[in-house]
Amino acid sequence: MKTIMRTTLMLALTCLLPMTTVATTLSDQPLPLPGPRPSAATVQAWQARKFGLFIHFGLYSELGGVWDGKRITNGYSEQIQSFAPVPIDRYEALAKRFDPEKFDPDAIVALAKAAGMKFIVITAKHHDGFAMFHTAQDDYDIVDATPYRRDVVKELADACARAHMPFGVYYSTIDWHWMHGQYLPDNDNPITPAQADFNVAQISELMSHYGPISEVWFDMGKPTPAQSARFARTVHALQPQTMVSGRVWNHQGDFSVMGDNSEPGEGMEKPWQSPASIFPETWGYRSWQVRNDLQGKVRENIARLVRVVSGGGNYILNIGPEGDGSVVPYEADVLRGIGAWLRPRGEAIYGTHASPFKKLDFGYATVGAHMLYLFVEKPPADGVLHLPGVVDTRFGQGHVLGDTQASVGSVAVDAADASVKVNGLAKAGYMPVVAIPLAGALHVRPDAVAPGADGRMDLAAAQAEHFLNYNGYGYDDPSTLYKLRWHAQAGAGDYTLTLRYRDAHAPAQLDVWVDGHPRTLALPAGKGTASLRVSRDLHAFPYAMQVELTPVAPFHKGDKLPAAIEAVELAPLTNPSTPQHGG
């Protein structure tokens, strides 16, 4: 079996327009697909915002989920044209009465700020094809076809500019108006060449006439890889620092998008966003939606925000204005309730990093520049918060954000974990946040597989942390696995690593990373085993051996492991002359 040792590879990465080159080392993370991309500083600024406002507003808002006097209960209300269904000529006629005179962009921006939101995204065009901006491509837009005759996207963009609020647009690549009703009900329409041209023309308008665009939230359809690349390049050619959503598909996005009202159940390394609606049944306005338990809804969204941010993502929460442009009072109250919770606790959200803990029995965590933040969802009866695996870390005196009555004791660190006693949490309100200063770096020992009596460690695929490629070929395309990661209680020395796999297509190769050092392993076709000799690097990973399997580096978004992995076995190498076997 042939192994290949690699150290440093210089890669030319196209990051900006004009073209620049960036040197990098081999990485166990996927690189963006070729093409112009936002700078690292832009990506970091985007990730730091954490919480934003989504606005679903369009011709469908006029109907409010009702057609011919009947409540349309299947599907989202913004897709009522499809689910009612509404004949194309009758749907188009809605434009003649659509007059959102109560749409107040400055008030919406002020509401977003009161909620603690750091960016806004509005539906410039949804699946129905009706543009909420003035387009030169046809007359099916709010300026040319309605009595309102004003550009909603422009007015909101200007209001955001006045308030220094990053502004983005949603753009659906499918278009029921373009197709004159000949569409598939599941929103997975292929994009015809002529429609792709139409989309590119409208995307160019949005990138040219509405000031800086922080992100373009593409959605739906099944574009070809070439079409996805064309849409993304159209954005970046005109605004190089605009972030493109993963729902441009075919892994061309600058950030991954979870499913509607969903959060990832596995590790996330790429920038990602979780889109949520206040009620999961709809995003667009629904006049007959039951709206009750305001405080429960506020707490539900605080908890979702905390979970997403603790996982390292951004949370974008939607409102659906009524047909007259007014914000539903209940939705405004939900946003204000979240903002009231955030005001004394925002430092634990904005600009933080993901929790280093796999699980905390009391809640969640984030990490700031010099602070550990603990979100206490389930206050323990004894008031003691346990931080599993913390080692070699010095803490300062903590406090509860926004609460002068609760008290925080000193952090005790022993061989197994750290713990801190907090008094008075019962009166600290919902989801109190304990802030503990860090005197240096925070070190957390990962959960690790223990050796058996013979010193061997069996790493089953089910035990590994899974990393997935999202936003592949269309909305229903399943995510694919690009990395498995384990930790093992392995001491200094050399080991035989044996990989057990199946469903490999010849010639297949993958990289085995041990403590950050990659080795390429060849896999014979079909199923079998392959082995190599690996060494422990206690300096790089002092607390446990880290074992990762990835495609051969450098690899890109969408690349996946070339075989189904069943398990990895680590055996201490007692005889250095033992032969190694593999493909």
Side-chain angles (χ1 to χ4, degrees), residues 46-54 115-119 245-246 255-280 283 293 295-319 334-335 337-368 371-380 385-389 400-402 425 428-436 442 444 447 465-468 470 479:
W46 182 92
Q47 290 179 296
R49 292 171 190 147
K50 300 302 181 186
F51 186 32
L53 177 66
F54 219 165
M117 292 165 159
K118 301 299 184 182
F119 62 99
S245 85
F255 63 94
S256 296
V257 176
M258 301 299 101
D260 295 356
N261 292 291
S262 297
E263 301 157 25
E266 56 283 311
M268 295 293 292
E269 296 177 310
K270 298 170 285 186
W272 63 277
Q273 188 184 86
S274 179
S277 54
I278 288 182
F279 294 97
W283 298 71
D293 188 13
Q295 287 306 309
K297 187 59 67 174
V298 170
R299 291 184 174 192
E300 173 189 318
N301 281 281
I302 291 170
R304 289 201 290 184
L305 169 65
V306 169
R307 288 197 303 270
V308 168
V309 174
S310 178
N314 284 6
Y315 185 59
I316 184 168
L317 179 61
N318 180 74
I319 61 171
V334 170
L335 266 56
I338 299 170
W341 180 88
L342 270 169
R343 273 189 288 279
R345 303 174 180 91
E347 67 175 82
I349 296 291
Y350 311 118
T352 58
H353 299 286
S355 173
F357 304 102
K358 186 174 181 180
K359 184 178 180 181
L360 293 171
D361 56 10
F362 60 82
Y364 309 94
T366 59
V367 181
M371 194 78 70
L372 173 64
Y373 299 101
L374 307 176
F375 299 80
V376 187
E377 185 178 42
K378 302 172 183 177
L385 308 180
H386 292 279
L387 306 176
V400 177
L401 296 180
L425 281 181
Y430 178 70
M431 194 83 79
V433 180
V434 179
I436 305 176
L442 172 64
V444 179
D447 292 341
E465 189 174 7
H466 290 61
F467 296 85
L468 304 181
Y470 288 92
S479 53

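Just so it is clear, the model here is predicted, and its values are computed rather than measured.
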Considering residues at least two apart in sequence or located in another chain, which fulfil the salt bridge (Lys or Arg N to Asp or Glu O under 4.0 Å) criterion with [X]?
X      : answer
Arg307 : Glu263
Lys270 : none
Arg304 : Glu300

**OP:** Given side chain to side chain contact (heavy atoms under 4.5 Å, CB included), test Tyr470 with Trp272 step by step and report yes or no.
**Re:** CA-CA 10 Å; Tyr470 288 92; Trp272 63 277; over 6 Å; no

**OP:** Mind checking the CG-CG spacing from Leu442 to Leu387? Nearest 0.5 Å is all I need.
**Re:**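 It is 8.5 Å, given to the nearest 0.5 Å.
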
Side-chain heavy-atom pair [X], [Y] within 4.5 angstrom cut-off:
X      : Y      : result
Phe375 : Arg345 : no
Leu342 : Leu305 : yes
Tyr373 : Leu401 : yes
Met117 : Phe51  : yes

Show me the side-chain donor-acceptor pairs of residues 357-364 shorter than 3.5 Å, one per line, residues at least two apart or across chains.
{"unit_1": "Tyr364", "atom_1": "OH", "unit_2": "Glu377", "atom_2": "OE1", "d": "3.4"}

Original post:
Could you go step by step and tell me if Asp260 and Trp283 meet the side chain to side chain contact (heavy atoms under 4.5 Å, CB included) rule?
Top reply: CA-CA 10 Å; Asp260 295 356; Trp283 298 71; 3.7 Å; yes

Give the minimum heavy-atom separation between [X] and [Y], together with the two atoms involved.
X      : Y      : answer
Ser277 : Pro280 : OG-CA, 3.6 Å
Gly246 : Val257 : N-CG2, 3.8 Å
Ser310 : Ala365 : OG-O, 2.9 Å

Original post:
Which residues pass the side-chain contact (heavy atoms from CB on, under 4.5 Å) test with Ala354, sequence neighbours left out?
Top reply: none

Original post:
ring pair (Phe, Tyr, Trp, His ring centres under 6.0 Å) with Tyr350: which residues, sequence neighbours excluded?
Top reply: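 If we apply the ring pair (Phe, Tyr, Trp, His ring centres under 6.0 Å) test to Tyr350, skipping adjacent residues, there are no hits.
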
Subject >> Stepwise side chain to side chain contact (heavy atoms under 4.5 Å, CB included) test for Ile338 and Leu317 >> reply: CA-CA 11 Å; Ile338 299 170; Leu317 179 61; 3.7 Å; yes

Subject >> Test log, rule side chain to side chain contact (heavy atoms under 4.5 Å, CB included), inputs Val433 and Trp341 >> reply: CA-CA 10 Å; Val433 180; Trp341 180 88; 4.1 Å; yes

Original post:
Would you say the side-chain atoms of Asn314 pair up with the backbone N or O of Arg49, donor to acceptor, closer than 3.5 Å?
Top reply: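 Pair absent, no side-chain N/O of Asn314 close to backbone of Arg49.
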
